[in-house]
A.B. asks: 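Dumping the structure here so I can ask a few things about it.
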Amino acid sequence: MARRQLRRIGASQVESLDEQIEDAGVVAFDFDGTLTTHDSYTAFLKWRAGPARYNIGLAKLAPAAITFLAHRNRGRIKAAATREFLAGVSRERLEADARAFAELMAPRMLRPDALRTWRRWAQRRAKLVIVTASPEIVVAPFARGLGADLLIGTELKFDGRDRVTGAFDGPNCRGPEKVRRLQEVFGPDVRLRAAYGDTSGDREMLAIADEPGYRVFQEKP
């Protein structure tokens with residue numbers, strides 16, 4: 001998807017145009033439920049597995065789901081789902097499946113009002129960052145299609161044969177972890193020009209933004 005294309009202008013207009021389109025800083029978007037209408041990772045696992053295999057997998061995950069009611073740790077239940085549906089899958093296969101999923105589902109999942117806001121910030125030369133709890137490898141094709149400057153997400157762990165182990169390579173990218181990961185890239189004093197999210201897992205990221213947007217996008221494709 002092409003981005004930041006300016007109309008052809010005369011040389012005398014360049015200076016004034018540059019003044020109008022100053023670098024707006026860093027703008028962070030949550031992905032699931034913010035840029036999209038629903039959770040992309042669950043949708044990906046269901047799409048990839050197919051109805052029969054997905055239902056069998058859900059049945060096997062019932063004990064983990066019951067335990068979740070006690071510990072409320074989203075990372076643990078997400079890791080359990082990753083082990084059930086992706087353990088042993090090669091990185092190459094997973095990347096190919098993620099590309100196919102994004103090509104099919106992007107028009108059905110991305111919120112039109114969120115995309116308009118994304119493009120407005122792009123026109124202002126903001127550094128556009130997606131910060132998500134979903135695995136980076138699944139969200140990456142969406143991020144490339146949007147022209148994101150950076151993608152920060154949960155990282156899956158791969159074994160020596162480059163196959164999914166079912167574990168995470170680091171913490172689930174949610175809550176304070178989102179801010180910590182942003183600080184890794186932009187420094188400990190990072191301040192966001194704007195940030196958008198839709199759950200309690202975005203609270204800390206919204207708190208470091210000059211313009212916090214909580215559940216501001218509602219449109220469906």
A.B. asks: Say whether, by atom type as modelled, one donor and one acceptor occur between the side chain of Asp202 and the main chain of Thr199 under 3.5 angstrom.
C.D. replies: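 Checking the backbone N and O of Thr199 against the side chain of Asp202, a donor-acceptor pair under 3.5 Å is found.
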A.B. asks: List the steps, then state whether side chain to side chain contact (heavy atoms under 4.5 Å, CB included) holds for Ile130 with Ile152.
C.D. replies: CA-CA 6 Å; Ile130 293 175; Ile152 295 174; over 6 Å; no
A.B. asks: For Phe85 together with Tyr54, are the ring centres under 6.0 Å from each other?
C.D. replies: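 Centroid separation for Tyr54 and Phe85: below 6.0 Å.
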A.B. asks: Hey, does the side chain of Arg193 reach the backbone of Gly25 with a donor-acceptor pair shorter than 3.5 angstrom?
C.D. replies: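 Answer holds: no.
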A.B. asks: If you define the side chain from C-beta out and look only at heavy atoms, does anything of Leu110 sit under 4.5 Å from Pro221?
C.D. replies: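 Of all side-chain heavy-atom pairs linking Pro221 with Leu110, none is under 4.5 Å.
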A.B. asks: Answer yes or no: is there a side-chain heavy-atom contact under 4.5 Å between Asp210 and Arg191?
C.D. replies: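 Yes - at least one pair of side-chain heavy atoms lies under 4.5 Å apart.
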A.B. asks: Cationic tip of Arg91 within the cone over Phe158's six-membered ring, i.e. under 6.0 Å and within 45° of the normal?
C.D. replies: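 Yes; both conditions hold, so Arg91 lies above the ring face of Phe158.
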A.B. asks: Side chains of Lys178 and Asp30: does their closest heavy-atom pair fall under 4.5 Å?
C.D. replies: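 In contact.
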A.B. asks: Any donor and acceptor pair, going by atom type alone, linking the side chain of Lys78 with main-chain N or O of Ala133 inside 3.5 Å?
C.D. replies: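 Judged by distance alone, yes, a pair lies under 3.5 Å.
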A.B. asks: Check whether any side-chain N or O of Asp149 sits under 3.5 Å from a backbone N or O of Leu128 as a donor-acceptor pair, and report yes or no.
C.D. replies: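 Yes: the side chain of Asp149 pairs with the backbone of Leu128.
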A.B. asks: Is any side-chain heavy atom of Phe44 closer than 4.5 Å to one of Asp97?
C.D. replies: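 Yes, close enough: below the 4.5 Å cut-off.
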A.B. asks: Establish, from distance only, whether the side-chain atoms of Arg120 and Thr117 form a donor-acceptor pair under 3.5 Å.
C.D. replies: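 Distance-only check passes for Arg120 and Thr117.
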A.B. asks: Taking side chain as C-beta onward, heavy atoms only, is Leu150 less than 4.5 Å from Lys127?
C.D. replies: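 With C-beta onward as the side chain, the pair stays apart.
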A.B. asks: Output, in order, the C-alpha distance, side-chain angles, deciding distance and verdict of salt bridge (Lys or Arg N to Asp or Glu O under 4.0 Å) for Glu177 and Arg180.
C.D. replies: CA-CA 5 Å; Glu177 182 64 13; Arg180 191 190 72 79; 2.6 Å; yes
A.B. asks: To the nearest 0.5 Å, tell me how far Arg53 CZ sits from Asn55 CG.
C.D. replies: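 One finds 10.5 Å between CZ of Arg53 and CG of Asn55.
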A.B. asks: Show the nearest heavy-atom pair for residues Lys220 and Pro112, with the distance to one decimal.
C.D. replies: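 Residues Lys220 and Pro112, closest heavy atoms: C-CD, 3.8 Å.
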A.B. asks: Do Trp47 and Leu104 touch side chain to side chain, with heavy atoms closer than 4.5 Å?
C.D. replies: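 Yes, at least one pair of side-chain atoms sits under 4.5 Å.
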A.B. asks: Just by distance, do the side chain of Glu219 and the backbone of Arg111 share a donor-acceptor pair under 3.5 Å?
C.D. replies: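 No; judged by distance alone, with no hydrogens or angles, the pair does not exist.
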A.B. asks: Counting only N and O atoms by type, is there a donor-acceptor contact under 3.5 Å from the side chain of Thr34 to the main-chain atoms of Phe31?
C.D. replies: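 No, Thr34 side chain to Phe31 backbone: no donor-acceptor pair under 3.5 Å.
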A.B. asks: For a quick test of reading the model, state the closest non-hydrogen atom pair linking Ala195 to Leu206 and the distance between them.
C.D. replies: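 Closest approach of Ala195 to Leu206: O-CD2, 3.3 Å.
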A.B. asks: Does a side-chain heavy-atom distance below 4.5 Å link Phe29 with Leu146?
C.D. replies: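 SC-SC contact between Phe29 and Leu146 ruled out.
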A.B. asks: Under 3.5 Å, side chain of Asp113 to main-chain N/O of Gln218, donor-acceptor pair present?
C.D. replies: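 Here the side-chain-to-backbone pair exists.
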A.B. asks: What closest approach, in Å, do Leu192 and Ala28 show between heavy atoms, and which atom pair accounts for it?
C.D. replies: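 Reported closest heavy-atom pair: CD1-CB, 3.8 Å.
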A.B. asks: So among Thr132, Thr154, Thr82, Asp32, which one has a side chain to side chain donor-acceptor pair (under 3.5 Å) with Tyr41?
C.D. replies: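 With Tyr41 as partner, Thr132, Thr154, Thr82, Asp32 yield a single side chain to side chain donor-acceptor pair (under 3.5 Å), made by Thr82.
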A.B. asks: In the single-linkage hydrophobic clustering (I, L, V, M, F, W, Y; side-chain heavy atoms under 4.5 Å), do Leu151 and Val27 co-cluster?
C.D. replies: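 Yes, same cluster.
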A.B. asks: Evaluate the salt bridge (Lys or Arg N to Asp or Glu O under 4.0 Å) criterion for residues Arg181 and Glu204: first the C-alpha distance (whole Å), next the side-chain angles of each, then the deciding distance (0.1 Å), finally the verdict.
C.D. replies: CA-CA 12 Å; Arg181 295 283 299 277; Glu204 290 82 357; over 6 Å; no
A.B. asks: Between Tyr196 and Trp121, is any side-chain donor less than 3.5 angstrom from a side-chain acceptor?
C.D. replies: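 There is such a pair (donor and acceptor under 3.5 Å, judged by atom type) between the side chains of Tyr196 and Trp121.
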A.B. asks: For Thr165, is there any backbone N or O sitting under 3.5 Å from a side-chain donor or acceptor partner on Asp159?
C.D. replies: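 Not a single qualifying donor-acceptor pair exists.
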A.B. asks: So, do Glu95 and Ile137 sit near enough that their side-chain heavy atoms are less than 4.5 Å apart?
C.D. replies: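 A side-chain contact under 4.5 Å exists here.
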